Amino acid sequence: MRWSQSFLPTLRESPAEAEIISHQLLLRAGLIRKLAGGLYTFLPLGLRVLRKIEAIVRQEMDRAGALEVLMPCLQPPEIWQQSGRYVTAADVLYHVQDRAKKEWVLGPTHEEVITTLAAGEISSYRQLPRNFYQIQTKVRDEIRPRFGLMRAKEFIMKDAYSFDVSDEAAQVSYQKMYDAYTRIFARCGLQALPVEADTGVIGGNLSHEFMVPAATGENEIVYCESGRYAANIEKAVSQGPLIPTPKTGPGPAPEQFPTPGVQTIDHLAAPPYGVAPHCQIKTLVYIVQSQPVVVLLRGDDQLNEAKFAVALGSNQFRPATAAEVFALLNAHPGSLGAVASTLKTPLNPLYADAALRGAAGMTTGANADGFHLRHIELDRDIRVTHWVDLRTVKAGELCAVTGAPLKIRRGIEVGQVFKLGTKYSETLGARFLDETGKQRPAVMGCYGIGVTRTLQAVIEQCHDENGIIWPPSVAPFVVCITPLSVVHGSPVMTLAEKIYAELSAQGIEAILDDRQERPGVKFKDSELVGFPWRVAIGEKSLAKGEVELKRRGGELMAVKADQAVARVREAVRGGGGGLG
RNA sequence: CGGAGCGUAGCUCAGCCUGGUAGAGCACUUGGUUUGGGACCAAGACGUCGCAGGUUCAAAUCCUGUCGCUCCGACCA
């Protein structure tokens, strides 16, 4: 490709709309342009990178035995009603109407479609296992698109769906995808960490997310430095709070004391009260399907809403309003409690975090504004109906696997694998006859990779102050040939053309910067766009019979002009990951 | 949806408070000088000041509404 014939609109300054470095570089390097919030056009070089990533994904999916298909983006709402996600995934569904006023939805994902296909086509255990995948544009009504391609209304995803005869067989399919994902991200030059993940509204019982560590990531990862434990914070567990819960008892009976104006844990912890947060019980009220549900936690803990959703079996809940709280407990937030003797009627259900088990000598609200109760013993004074792990793990707590202190860092989720079970095959009728002639639902798994997000994650991880540093495997071009003056027929230009032609003939993707620009502009641009290698050809070095070979972000090498092609080939072929 | 901020040339922004001929840098066009790290000189082109309404002799500027963008939160396979 000749630079002058391509379309590579680089920007010296970054547009105000871009906040994070990878978004800025996508725009500055001329890879994408915005049409509207969360909607982007891929320009020629951005598309080349996208195609490279897609090719890696295809190769690894094919290698793992998955079969490529292509499903419709426009889908009938009926299959969503059948699976139940017309309600549970309602927020992300776009609805459209045709001229007959018939409703359709735009596919945010394709479990319903592929399961409908399997329902019609797979009838025997002899046809299993099968794993279908596609690389396709997904459309989701994101509440807040942000960070360029990271969270967009429309994005390209690779999604795969496996069908197996049994749970054991499904586990094999799951592991194949897990391994394929590990290879895919490694080949893209990414360090991606598999972490245990919550399965969310998609359902299922086992899931891992592949996270690219980055300060700008939207997820928090809890991990043990041993490498033996890592989990999304929504799922993470530890050995428990660093400060143990007081459990001495039996002690004195509950005693009410005045706490005028106290509405927060911190306020009650301060003088004159001095009740340490871990000796307080936090009482939260949520509304689940119009019914109030009370949750108890230690005062120094935060409710993990993902864990709560798992406990409820639903993500359809919200915090109660002050009025709803008052109707239930006869007090306002700040003075709430679940002590049986302060209740009009027993609370059912009443959830409590496992860290409170056996707690004694605790303090909680008295369900009378301006009063609290001390000397509370959980087992004696509060009628808990559900004991569950509901707290959010904190950095420094001890790993449940190794006992070492846990750390927390942020990450970008580039892929997720789920073991789904039979939720979709049952609701959508994907059943087969086993070898005994018995009808059984297929055991499913689903596996996603955010292809466009992966592209941006590579930039987020591979850049310096001058621009992108593409791993060679996904670079738009592997080598940029930079003649420092562009005069047709000059020795410099003749050599540049020759190197360009020879590299191209050998299948090495080269871009020839034949623009009439000053050397500084060309150097800046080639580094901004991030080509892994650059061959600079100028009169000074050519007078010594040399050209300059430079690795992006690396060392400059003088190379004999007649060896330039061979040296580039060597560098490119031997360059490996190129993360330098 | 709640909170905050921003919409002026292709990009980055000034002008708005205190109403009175719409600006700068970069980019673009032409000519010239330059040519190893985002050149210089000269000339030029580029604007419904997001949109609508209102106040006023007069609105980029003040008021109201609306749309869009960004950030925080909520939300999210």
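Just so you know, these numbers come straight off a predicted model, no measurement behind them. Note on naming: letters A, B, ... go to the chains in the order of the sequence lines (proteins, then strands), and numbering restarts at 1 for each one.
- Of the candidates B:rC71, B:rG38, B:rC75, the closest approach to any side-chain atom of A:E19 belongs to B:rC71.
- Under the Watson-Crick or G-U wobble criterion, with both distances below 3.5 Å, B:rG47 has no partner in any strand shown.
- Figure legend. B:rC1 is base-paired to B:rG73; pairs are counted as Watson-Crick or G-U wobble with both atom distances under 3.5 Å.
- The backbone N or O of A:Y286 lies less than 3.5 Å from no partner atom in the side chain of A:R318, so there is not a single donor-acceptor pair.
- Look at CZ on A:R318: it is 15 Å from C1' on B:rG2, rounded to the nearest Å.
- With contacts defined as side-chain heavy-atom distances shorter than 4.5 Å, the pair A:L31/A:L43 does not qualify.
- Ring geometry for A:H208 against A:Y174 counts as tilted: the plane angle lies between 30° and 60°, on a 0 to 90° scale.
- Rounded to whole Å, atom C1' of B:rA74 lies 17 Å from atom CD1 of A:I287.
- Taking atom CD of A:E218 as the reference point, atom C1' of B:rG73 lies 13 Å away to the nearest angstrom.
- Atom CG in A:L542 sits roughly 18 Å away from atom P in B:rU35 (whole-Å rounding).
- Side-chain atoms of A:F523 lie closest to B:rG37 of the nucleotides B:rC76, B:rG37, B:rC11.
- Distances shorter than 4.0 Å separate some side-chain N or O of A:R146 from OP1 or OP2 on B:rC72.
- Put simply, CD1 on A:I143 is 16 Å from P on B:rG3, counting in whole angstrom units.
- If A:K550 and A:E209 are placed on RNA chain B by their nearest nucleotide, the residue sitting closer to the 5' end is A:K550.
- Between the side chains of A:Q175 and A:D179, at least one donor-acceptor pair of N or O atoms lies under 3.5 Å.
- Between A:H110 and A:Y133, the ring centre distance reaches or exceeds 6.0 Å.
- The gap from the P atom of B:rC62 to that of B:rG36 amounts to 50 Å, rounded to the nearest Å.
- Non-hydrogen atoms lying under 4.0 Å from RNA chain B are contributed by nothing in residues 68-81 of chain A.
- For the C1' atoms, the distance linking B:rG2 with B:rC63 amounts to 25 Å, nearest Å.
- The aromatic ring centroids of A:F308 and A:Y351 lie less than 6.0 Å from each other.
- A donor-acceptor contact under 3.5 Å is formed by the side chain of A:E548 with the base of B:rG36.
- Between A:E17 atom CD and B:rG50 atom C1' the separation is 15 Å, expressed in whole Å.
- In the model, A:Q134 has a side-chain atom that pairs as donor or acceptor with a side-chain atom of A:D159 under 3.5 Å.
- B:rG68: Watson-Crick or G-U partner is B:rC6, with both key distances under 3.5 Å.
- Across all strands shown, the partner of B:rG31 is B:rC41, judged by Watson-Crick or G-U wobble contacts whose two distances both fall under 3.5 Å.
- When the P atom is compared between B:rG25 and B:rC41, the two are found 10 Å apart, to the nearest whole Å.
- Applying the 4.0 Å criterion to OP1 and OP2 of B:rC72, one finds that A:R144 has a side-chain N or O inside that range.
- On a pure distance criterion of 3.5 Å, a polar donor-acceptor pair joins the side chain of A:S541 and the base of B:rG36.
- Among the atoms of the strands shown, base atoms are found under 4.0 Å from some heavy atom of A:G538.
- A donor atom on one side chain and an acceptor atom on the other are found under 3.5 Å apart for A:S22 and A:Q456.
- Note on A:A16: only backbone sugar-phosphate atoms sit closer than 4.0 angstrom, heavy atoms only; bases stay farther off.
- Using the six-membered ring where Trp is involved, A:F531 and A:W3 have ring planes that are perpendicular, over 60° apart on the 30 and 60° scheme.
- Between B:rC72 and B:rG38, the two P atoms lie 35 Å apart (nearest whole Å).
- Pairing of B:rG25, defined by two Watson-Crick or G-U wobble distances under 3.5 Å, is identified with B:rC11.
- Judged by distance alone, the side chains of A:K176 and A:Y447 never bring a donor and an acceptor atom under 3.5 Å apart.
- As rounded to the nearest Å, B:rG68 and B:rC28 have P atoms that lie 33 Å from one another.
- Comparing B:rU35, B:rG36, B:rC11 by their closest approach to the side chain of A:P15 singles out B:rC11.
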Taking only nitrogen or oxygen atoms into account, show me every contact under 3.5 Å that the protein makes with nucleotides 23-33 of chain B, one pair per line with its distance.
unit_1 : atom_1 : unit_2 : atom_2 : d
B:rG25 : N2     : A:E13  : OE1    : 3.3

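- Between B:rA22 and B:rC69, the distance separating the two P atoms is 30 Å to the nearest Å.
- B:rA14 and B:rA52 have their C1' atoms separated by 27 Å, given to the nearest Å.
- Taking atom OH on A:Y40 and atom C1' on B:rC69, their separation rounds to 10 Å, with Å as the unit.
- Counting only N and O atoms by type, the side chains of A:E460 and A:T216 include a donor and acceptor under 3.5 Å apart.
- When the P atom is compared between B:rA9 and B:rA74, the two are found 35 Å apart, to the nearest whole Å.
- Counting non-hydrogen atoms under 4.0 angstrom, A:R534 reaches a base of the nucleic acid.
- Remark on RNA chain B: of its neighbouring residues A:F147 and A:E413, the 5'-side contact belongs to A:F147, judged by nearest-heavy-atom nucleotide.
- Checked against ring pair (Phe, Tyr, Trp, His ring centres under 6.0 Å), A:F42 has no partners two or more places apart in sequence or in another chain.
- Following rounding to the nearest Å, A:I20 (CD1) and B:rU70 (C1') show an atom-to-atom distance of 13 Å.
- If you check B:rG20 for Watson-Crick or wobble pairing at under 3.5 angstrom, you find it paired to B:rC57.
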